[in-house]
Number of protein chains: 2
Amino acid sequence: MTQKLTKIQFLLLYGLALGSLLLLSLMAWSNYRFMVIDHATELYLLLIAGVFVSVGIWVGLRWSAPTIIEKMVLVPMPTSAVSPEPNQQVLEHLGISPRELAVLVQLSKGLSNDEIAGQLFVSTNTVKTHLANLYTKLDVKRRTQGVEKARVLGLV
Amino acid sequence: MTQKLTKIQFLLLYGLALGSLLLLSLMAWSNYRFMVIDHATELYLLLIAGVFVSVGIWVGLRWSAPTIIEKMVLVPMPTSAVSPEPNQQVLEHLGISPRELAVLVQLSKGLSNDEIAGQLFVSTNTVKTHLANLYTKLDVKRRTQGVEKARVLGLV
DNA sequence: ATTCAACTCATTCTTTCGGGTGATTTTCGC
DNA sequence: GCGAAAATCACCCGAAAGAATGAGTTGAAT
């Protein structure tokens with residue numbers, strides 16, 4: 001129960017919920033009322049609209065979120081004042097992938113695994129996998145060491 | 001992209017199909033002549049649903065877009081010149097004792113509780129007590145947050 | 001001498017981390 | 001289309017961390 005819904009479970013529930021909502025809306029929309037209060041049509045429409053917009057927003061964030069970090073990595077750093085360019089060099093040398101860097105950034109904020117998972121729209125298991133790989137590549141044992149090392153390497 | 005569907009896409013469509021099937025079966029069960037008379041209503045609903053989802057996705061993208069810029073600005077900020085001595089001010093204001101500061105310093109190095117205990121010649125329980133007090137005074141929940149806050153406050 | 005803050009340590013309990021393994025899915029280049 | 005790398009997710013298990021208490025010990029300052 002402490003574990004979140006799996007993707008398949010979520011999608012199944014989504015399908016069921018969507019069907020139910022469609023059913024409700026259709027019943028309300030049409031005048032074929034057999035178990036629907038017909039004067040609540042507007043409320044139903046508002047509910048439908050809200051749910052669909054929410055789903056759309058979620059989908060939008062879900063699909064656009066991974067691009068954020070990747071763009072961060074790809075965009076050349078304009079700073080060059082203090083840190084010349086430790087970013088790409090170190091990243092490539094250590095073999096840190098864009099997704100792993102994203103986890104590392106969130107990690108440096110002091111977020112927990114669950115919070116990182118929420119930020120990046122993945123499961124906590126995925127976060128743990130990325131972290132394990134990061135610990136290997138950064139040659140550290142703990143997350144606090146990882147934060148420290150990422151900081152001195154200019155990765156965050 | 002125009003190739004075969006990914007699993008997620010397939011499951012989404014499956015969810016949609018499942019919902020639609022449920023809807024249709026219920027419709028047929030409740031009122032079979034509905035299909036004959038105005039089957040245009042369901043198409044209309046599907047269109048509405050599609051529009052709402054599209055709007056939601058668009059809104060989601062609008063919201064995530066500024067995040068890109070924001071993070072791009074925030075990320076390239078390196079560790080610039082640190083203030084020489086904001087130390088005592090903050091320490092007294094937060095009521096951090098010398099012993100707690102010692103723990104905090106070791107903590108920022110990425111040491112574990114046992115290692116900190118070894119460094120300071122105290123038991124692990126004592127370290128945990130100091131840390132608990134530090135978390136309260138620093139107003140943080142986790143040790144990584146404590147490290148981050150101690151760093152921005154110039155305590156380490 | 002008494003008050004008080006800091007320091008110390010313990011116990012119990014819950015949550016979170018991390019290691020290890022295996023698997024599927026997605027992406028991307030060739 | 002194929003293969004490799006990347007990404008995702010699950011499961012188990014032990015270790016570490018943290019929350020919530022209670023309590024004993026010091027070393028001043030009043």
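Convention: sequence-line order gives letters A, B, ...; per-chain numbering from 1. The model shown is predicted, which means the values in this text are computed figures rather than measured ones.
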In whole Å, what is the span from the [atom1] atom of [X] to the [atom2] atom of [N]?
X: B:Ile116; N: C:dT8; atom1: CD1; atom2: C1'; answer: 16 Å
X: A:Asp114; N: C:dC17; atom1: CG; atom2: P; answer: 7 Å
X: A:Glu100; N: D:dA7; atom1: CD; atom2: C1'; answer: 9 Å
X: B:Ile96; N: C:dA5; atom1: CD1; atom2: P; answer: 18 Å
X: A:Leu94; N: D:dA6; atom1: CG; atom2: P; answer: 13 Å

What's the angle between the local helix axes at either end of the helix from C:dA1-D:dT30 to C:dC30-D:dG1, using five pairs per end and rounding to 10 degrees?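 Here the local axes at opposite ends form an angle of 50°.
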Think A:Ser97 has a side-chain N or O under 4.0 angstrom from the OP1 or OP2 of D:dA7?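 So the side chain of A:Ser97 is within the cut-off, an N or O lying under 4.0 Å from OP1 or OP2 of D:dA7.
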Please determine whether a side-chain nitrogen or oxygen atom of A:Asn113 lies at a distance below 4.0 Å from atom OP1 or OP2 of C:dC17.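 For C:dC17, OP1/OP2 do have a side-chain N/O of A:Asn113 under 4.0 Å.
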Is there a side-chain contact between B:Leu104 and B:Leu155 (heavy atoms, below 4.5 Å)?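 Touching, per the 4.5 Å side-chain cut-off.
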So, do A:Gln145 and B:Lys109 sit near enough that their side-chain heavy atoms are less than 4.5 Å apart?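 No - every pair of side-chain heavy atoms lies 4.5 Å or more apart.
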Does B:Val140 form a side chain to side chain contact (heavy atoms under 4.5 Å, CB included) with B:Glu148? I'd like the steps, not just the answer. CA-CA 10 Å; B:Val140 295; B:Glu148 175 66 14; over 6 Å; no
Residue pairs passing the side chain to side chain donor-acceptor pair (under 3.5 Å) test where at least one lies in residues 126-137 of chain A, sequence neighbours excluded: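 Output for this query lists A:Glu100-A:Lys137, A:Ser123-A:Thr126.
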Find the distance between [atom1] ([X]) and [atom2] ([Y]) and round it off to the nearest 0.5 Å.
X: A:Leu153; Y: A:Leu91; atom1: CG; atom2: CG; value: 9.5 Å
X: B:Leu107; Y: B:Leu134; atom1: CG; atom2: CG; value: 8.0 Å
X: B:Gln106; Y: B:Leu101; atom1: CD; atom2: CG; value: 10.0 Å

Name each donor-acceptor pair under 3.5 Å that joins a side chain in residues 110-117 of chain B to protein atoms two or more places apart or in another chain, with its distance.
residue	atom	partner	partner atom	Å
B:Ser112	OG	B:Glu115	N	3.3
B:Asn113	OD1	B:Arg143	NH2	2.2
B:Asp114	OD1	B:Thr124	OG1	2.6
B:Glu115	OE1	A:Arg142	NH2	2.8
B:Glu115	OE1	B:Ser112	N	3.0
B:Glu115	OE2	A:Arg142	NH2	3.3

Nucleotide N/O to protein N/O under 3.5 Å, stretch nucleotides 25-30 of chain D:
none

ILVMFWY cluster, B:Val105 and B:Phe121 together (side-chain gap under 4.5 Å):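 No; tracing contacts between hydrophobic side chains, which count when under 4.5 Å, never links both residues.
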Derivation and outcome, side chain to side chain contact (heavy atoms under 4.5 Å, CB included), residues A:Ile96 and A:Leu138: CA-CA 9 Å; A:Ile96 295 179; A:Leu138 290 177; 4.1 Å; yes
Residues touching DNA chain C, which here means a heavy atom under 4.0 Å, drawn from residues 122-143 of chain B: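 Of all residues in residues 122-143 of chain B, the ones placing a heavy atom under 4.0 Å from DNA chain C are B:Val122, B:Ser123, B:Asn125, B:Thr126, B:Thr129, B:His130, B:Arg142.
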For A:Asp139 and A:Lys149, work out which heavy atoms get closest and say how close.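 The answer is O-NZ, 4.2 Å.
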